[in-house]
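Note sheet for the following structure.
Here is the naming used below: chain letters follow the sequence lines, and residue numbers restart at 1 for every chain. Both backbone and side-chain heavy atoms feed into the values below; hydrogens, waters and symmetry mates do not. These numbers come from a predicted model, not from an experiment.
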Protein chains: 2
Amino acid sequence: MDDEREHDPDSPEGRGASAAVLPAGPPDTGRRGLDRRRVLGAAVEYIDQHGLGALTMRRLGAHLGVEAMALYRYVPGRENLLDGVVETVIDELYGDPDVHMQAQHGWQDFLQRLAHGVRRIALAHPEVFPLIATRPPAAPWLRPPLRSLRWLETFLDALLAAGFSDEAAVAAYRAYSSFLLGHLLLEVSHRGVKISPEDEPEGGAADATADLEQHPTIDRLEPLLSRDESAAEFEESLETLIERLGRVLEESSARSARRSTS
Amino acid sequence: MDDEREHDPDSPEGRGASAAVLPAGPPDTGRRGLDRRRVLGAAVEYIDQHGLGALTMRRLGAHLGVEAMALYRYVPGRENLLDGVVETVIDELYGDPDVHMQAQHGWQDFLQRLAHGVRRIALAHPEVFPLIATRPPAAPWLRPPLRSLRWLETFLDALLAAGFSDEAAVAAYRAYSSFLLGHLLLEVSHRGVKISPEDEPEGGAADATADLEQHPTIDRLEPLLSRDESAAEFEESLETLIERLGRVLEESSARSARRSTS
DNA sequence: ACCTGAACACCGTTCAAGT
DNA sequence: ACCTGAACACCGTTCAAGT
């Protein structure tokens, strides 16, 4: 019922509030001085630990040592809190040193690093990722999982600077989004499946495993099917996508070169 | 509050209870003879009309002209009901004449028709698709959105018959799943965004639109970005995927041919 | 056999009241 | 300024009771 779990002392943010007071005594979540950032951070933490379905205004309040009603001072309601959770997790990308300074090694390198950064976030917050994937975006031109104006701007600028046309850059954003969404959602849901059913007493969830002998091919390939090749598949598909975009770029460069010499 | 909406008289099921008594007075959903299939059908209908968030045991009961508690005779609980909803919607594929008889025109044609069938379902039930995408699968080798033993078996058999190796067929299933998931979730969420915010009084949801001038590239490309090219992108990515799989097949054929002549 | 009423524990959210 | 208590309408779910 009550969860007094001692949790990771240095949170995702990894900042030390400029090394000041810090009572350091009680096992609270950083108490004294509730604000929106801390509420959202606690929500992410709570979802990571207990799952999305367990997040409740009342339980989140308890987790913060406060009554649920106190949260409404910092968050207009539950829906907005979930939006804030999505934003908070995506914002972790800003602090990822492996993703930054895209200038150096060309657009391919940037797309590679960005993709890996998003993947790290998805794997770090598997319970949050479905939210990132399915919450209605704030604007029609923002697509999951890169639902941030700043990253979209950076993405487009990187491709435009590399010589992509406006149309090609926008098309690339969509292809890239759909690639990340599909792969990461699949990967995250695949990992989740082993922990998700709570007990499976014995023959309880016989749904899939029972009718298995009626499907000889699945039965025969089961070892192959349950193998987790997500990481390798991610790399390969990302490589393929980048190559495809590279061909688009070459074609449009060739076209404009031809145009300027004719 | 109360929804007395006169709704499509012939439901998905399209059966007329063998033309018997039918009081014809009340706007019920085909009453008399509640069973699991009807409950799940009504749930799908309700989600399609009112959105996933509006589905409640009590409201679904009311929609069926019954108290909520009566549903527990046909459905063990809400979670199981949602699983049933996913299954019901996926099962619509079995009735799609454009998808069947994959034998005739080769595996490429089969993958094409199957993909379009799944896309039709996603667009027909945009409120259900996120559920299809994110519910934990019943088995680790079942991946969304093709979460059905029967379709997985059919899929693998089709590729194996065409000469794919076991490994290649399984890899193809994963690539295909991730492609469908990414594209369709993006497309569905893109369509949903225009109806999802209820009113937007005036400057209410200024989140994205306000900071737009701080992002000149997005601002400049906004018309391009909000254009909906989903259909064309779907076709093109599907084509690319099938070509890629075709190359895999050729390579493995060539390898085994070389092996048998050496 | 099938449905309902009443009840329980738990939600999100509002608001006057406390400190 | 910030939090709480009490209250409201609504959940999912159980179970004895009705027909």
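A straight line from CZ of A:R58 to C1' of C:dT13 spans 9 Å, rounded to a whole angstrom. A:L64 places its CG atom 13 Å from the C1' atom of D:dC3, with the value rounded to the nearest Å. Remark: C1' of D:dA1 and CG of A:L34 are 13 Å apart, rounded to the nearest angstrom. One interatomic measurement links the two molecules: CZ of A:R78 to C1' of D:dC11, which rounds to 12 Å at whole-angstrom precision.
Of the candidate nucleotides C:dT4, C:dT13, C:dA7, C:dT4 has the atom nearest to the side chain of B:V66.
Among residues two or more places apart in sequence or in another chain, the ring-ring contact (aromatic ring centres under 6.0 Å, His included) test is passed with A:Y72 by none. Partners of B:T56 according to the side chain to side chain donor-acceptor pair (under 3.5 Å) rule, which considers only residues two or more places apart in sequence or in another chain, do not exist here. With sequence neighbours left out, A:R227 forms a salt bridge (Lys or Arg N to Asp or Glu O under 4.0 Å) with A:E229. With sequence neighbours excluded, no residue forms a ring-ring contact (aromatic ring centres under 6.0 Å, His included) with A:Y74. By the ring-ring contact (aromatic ring centres under 6.0 Å, His included) test, B:Y173 pairs with B:F155, sequence neighbours left out.
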Using distance only, find each side-chain donor-acceptor pair of residues 116-123 of chain A under 3.5 Å and give its atom names and separation, not counting sequence neighbours.
residue	atom	partner	partner atom	Å
A:H116	ND1	A:Q112	O	2.9
A:H116	NE2	A:E235	OE1	3.0
A:H116	NE2	A:E235	OE2	2.8
A:R119	NE	A:E187	OE1	3.1
A:R119	NH2	A:E187	OE2	2.6
A:R120	NE	A:D96	OD2	3.2
A:R120	NH2	A:D96	OD1	3.4
A:R120	NH2	A:D96	OD2	2.9

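At a non-hydrogen distance threshold of 4.0 Å, A:M69, A:A70, A:R73, A:Y74 from residues 69-76 of chain A come into contact with DNA chain D.
Each salt bridge (Lys or Arg N to Asp or Glu O under 4.0 Å) pair with one or both residues in residues 133-154 of chain B, not counting sequence neighbours, appears once here: B:E79-B:R135, B:D83-B:R135.
With pairs defined as Watson-Crick or G-U wobble and both atom distances under 3.5 Å, the stems of at least three pairs that touch DNA chain D come out as C:4-8 with D:12-16, C:12-16 with D:4-8.
Atom-to-atom distance recorded for B:L131:CG and A:T134:OG1 is 9.5 Å, nearest 0.5 angstrom.
Checking the phosphate oxygens (OP1, OP2) of C:dG12, a side-chain nitrogen or oxygen of A:T56 falls inside 4.0 Å. Taking side-chain N and O atoms only, B:R59 has no distance below 4.0 Å to OP1 or OP2 of D:dC10.
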